[in-house]
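Everything on this sheet refers to the single structure shown next.
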Amino acid sequence: MIRKNYCRYRKLVCLALFSCFVVHFAVAGSRRPAALEAPEKMGEEQPSGDKIGEHYIIEAPNVEPRSANFFEVWAYLVADSEEYLKPEYPITDVGYFSAELNTYGELVGVPNPKKLAGYEGRVHLVVACNSTSLSHFALAPEGTVRSKLIDDLVAATEPFDGLQIDFELVPKRDVDTFYSFIKELRERLPHKLFSIALPARIRTLENDVYDYKRLSQWVDKVFVMAYDEHWSSSKPGPVASIEWCNMIVKHSLETIGRDKLVMGLPFYGRTWDDVSMDRAFYFSGIQRILRENEVTSDQITRENHIPTFSYTVPEVTVTGYYDDIHSLTLRLDNYFDAGIKAVGFWCLGQEDPRIWSYLSISQREHVSP
């Protein structure tokens, strides 16, 4: 019995070490990536699939992609990964990710916009805070922390075209404090494009910190993060299913309106397994998993248009969901039909590279039926 348990323990340790190895290709957490994976050339011994540039792609069953065009196309770009922003990409707005708040509520890590000197679109400084305690501390109207933070935000935004606030864990009891913070920033930035990133909602919640309608009155753009329907600790499922996204669109149009709305889409996928080694992966990372575990195209299916797969290694069953050119363009097509003017992506470097061939900037307005 002791030897049997020891052997099982060794297997789990090996699996954990394997998980640490592949984390290089994963997105650590919901929106903050680890080191971005560089494309790699694959040898001829790989199973059949499409080869796009240096990306070797194992396909799910095909659905013909559709071209999509919008007034605005936003994309997040993580500092120090500027090589993922290509001049030929149809991108009107870059959310430069990200400045943060340190332990003392001070603004730190502002990226240098001069690194994007060759980019001709608008560049927005993104400021993120993903801590309930730090949000509460920094937003409190008492003392000097909040007033200094606002002064620093205004100063830091000067070389940018706009500022985006991405505070995702504001405590519910601080709802009025958060709203007054956003309102004050609006007043201090009259000549900058002011935007806010908000989590997905399919309806208005009572006393919601992220009330779409209330917040939209103080900003120029609302970036709705229509992803993480399923996350690391949830049951397996799409990062953003088609039906769920359609409900978000309906609620967003009713509360925010077409002119201020930017509908966000995910470029990443996720895997789950039964020994808690779930991860979020770039498209290229998903492809690597499929190759290393000899998952072929006939083992990939579509769950309401979203690619999904499953495979088993000793004592572990892995299930994954991700987005490819087909599911992305279907979602974009639905957004276009709904009359959406602007879309955005999290984030550059994670995508199925074929998406840029099917996306364009519209020069004239489209009107939904």
Side-chain angles (χ1 to χ4, degrees), residues 19 22-40 52 55 57-58 60 73-81 84-85 89 91 94-95 97-98 126 128 130 166 168 197 199-200 223-242 244-245 248 262-273 277-292 295 300 302-303 305-309 318-332 343-356 359:
S19 173
V22 301
V23 75
H24 172 75
F25 307 102
V27 183
S30 132
R31 301 193 64 230
R32 184 177 303 278
L36 296 174
E37 177 187 9
E40 59 180 330
I52 309 297
H55 290 265
I57 296 175
I58 300 173
V73 176
W74 293 50
Y76 287 105
L77 177 67
V78 177
D80 297 326
S81 63
Y84 289 100
L85 176 61
Y89 287 174
I91 297 173
V94 166
F97 199 88
S98 83
V126 179
N130 293 313
D166 180 15
E168 299 185 23
F223 190 106
V224 174
M225 298 180 289
Y227 33 82
D228 271 353
E229 178 185 8
H230 295 88
W231 58 97
S232 60
S233 57
S234 77
K235 66 179 183 180
V239 172
S241 68
I242 301 300
W244 185 70
C245 289
I248 296 170
V262 182
M263 281 299 301
L265 295 88
F267 276 154
Y268 62 95
R270 284 192 179 277
T271 61
W272 292 261
D273 55 50
M277 295 191 299
D278 43 270
R279 293 287 185 270
F281 287 87
Y282 301 178
F283 180 81
S284 54
I286 288 288
Q287 294 299 310
R288 183 180 181 85
I289 289 174
L290 297 177
R291 292 191 299 269
E292 289 180 342
V295 179
I300 304 173
R302 289 189 182 273
E303 185 177 298
H305 307 286
I306 307 298
T308 180
F309 62 90
V318 178
T319 301
Y321 288 81
Y322 64 101
D323 275 296
D324 62 0
I325 181 63
H326 308 291
S327 58
L328 284 170
T329 54
L330 174 61
R331 199 177 288 115
L332 289 170
V343 294
F345 300 97
W346 176 265
C347 75
L348 289 174
Q350 301 181 1
E351 69 271 21
D352 181 337
R354 296 170 293 180
I355 185 62
W356 305 116
L359 195 60

Kindly give the heavy-atom pair with the smallest separation between [X] and [Y], and that separation in Å.
{"X": "A75", "Y": "L348", "value": "CB-CG, 3.9 Å"}
{"X": "F283", "Y": "D323", "value": "CD1-O, 3.5 Å"}
{"X": "A240", "Y": "I306", "value": "O-CD1, 3.9 Å"}
{"X": "A200", "Y": "V224", "value": "CA-CG1, 4.5 Å"}
{"X": "I300", "Y": "P307", "value": "CG2-CB, 4.3 Å"}
{"X": "Y76", "Y": "A197", "value": "OH-CB, 3.7 Å"}

Does some side-chain heavy atom of [Y] sit less than 4.5 Å from a side-chain heavy atom of [X]?
{"X": "P236", "Y": "H230", "answer": "no"}
{"X": "F345", "Y": "V73", "answer": "yes"}
{"X": "M225", "Y": "D166", "answer": "yes"}
{"X": "I91", "Y": "L85", "answer": "yes"}
{"X": "R331", "Y": "H305", "answer": "no"}
{"X": "L77", "Y": "C347", "answer": "no"}
{"X": "T271", "Y": "F309", "answer": "yes"}
{"X": "L332", "Y": "I355", "answer": "yes"}

Give, for atom [atom1] of [X] and atom [atom2] of [Y], the distance between the pair rounded to the nearest 0.5 Å.
{"X": "S234", "Y": "E229", "atom1": "OG", "atom2": "CD", "value": "8.5 Å"}
{"X": "W272", "Y": "K235", "atom1": "CH2", "atom2": "NZ", "value": "11.0 Å"}
{"X": "D352", "Y": "I286", "atom1": "CG", "atom2": "CD1", "value": "12.0 Å"}
{"X": "M263", "Y": "C245", "atom1": "CE", "atom2": "SG", "value": "6.0 Å"}
{"X": "Y322", "Y": "L328", "atom1": "OH", "atom2": "CG", "value": "11.0 Å"}
{"X": "Q287", "Y": "Y282", "atom1": "CD", "atom2": "OH", "value": "15.5 Å"}

Pairing donors with acceptors under 3.5 angstrom, does anything connect the side chains of E303 and T308?
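Their side chains do not contain a donor-acceptor pair, so the 3.5 Å distance test is not met.
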Please confirm whether F267 and F281 have ring centers closer than 6.0 angstrom.
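Aromatic pair excluded; centres sit 6.0 Å or further apart.
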Donor-acceptor check, side chain of S241 to backbone of P238, threshold 3.5 angstrom: yes or no?
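Here the side-chain-to-backbone pair does not exist.
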Residues forming a side-chain hydrogen bond (donor to acceptor under 3.5 Å, both in side chains) with T319, sequence neighbours excluded:
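side-chain hydrogen bond (donor to acceptor under 3.5 Å, both in side chains) list for T319, sorted by chain: empty.
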CA sep, side-chain torsions, deciding dist, call: D228, Y268, side-chain hydrogen bond (donor to acceptor under 3.5 Å, both in side chains):
CA-CA 10 Å; D228 271 353; Y268 62 95; 2.8 Å; yes
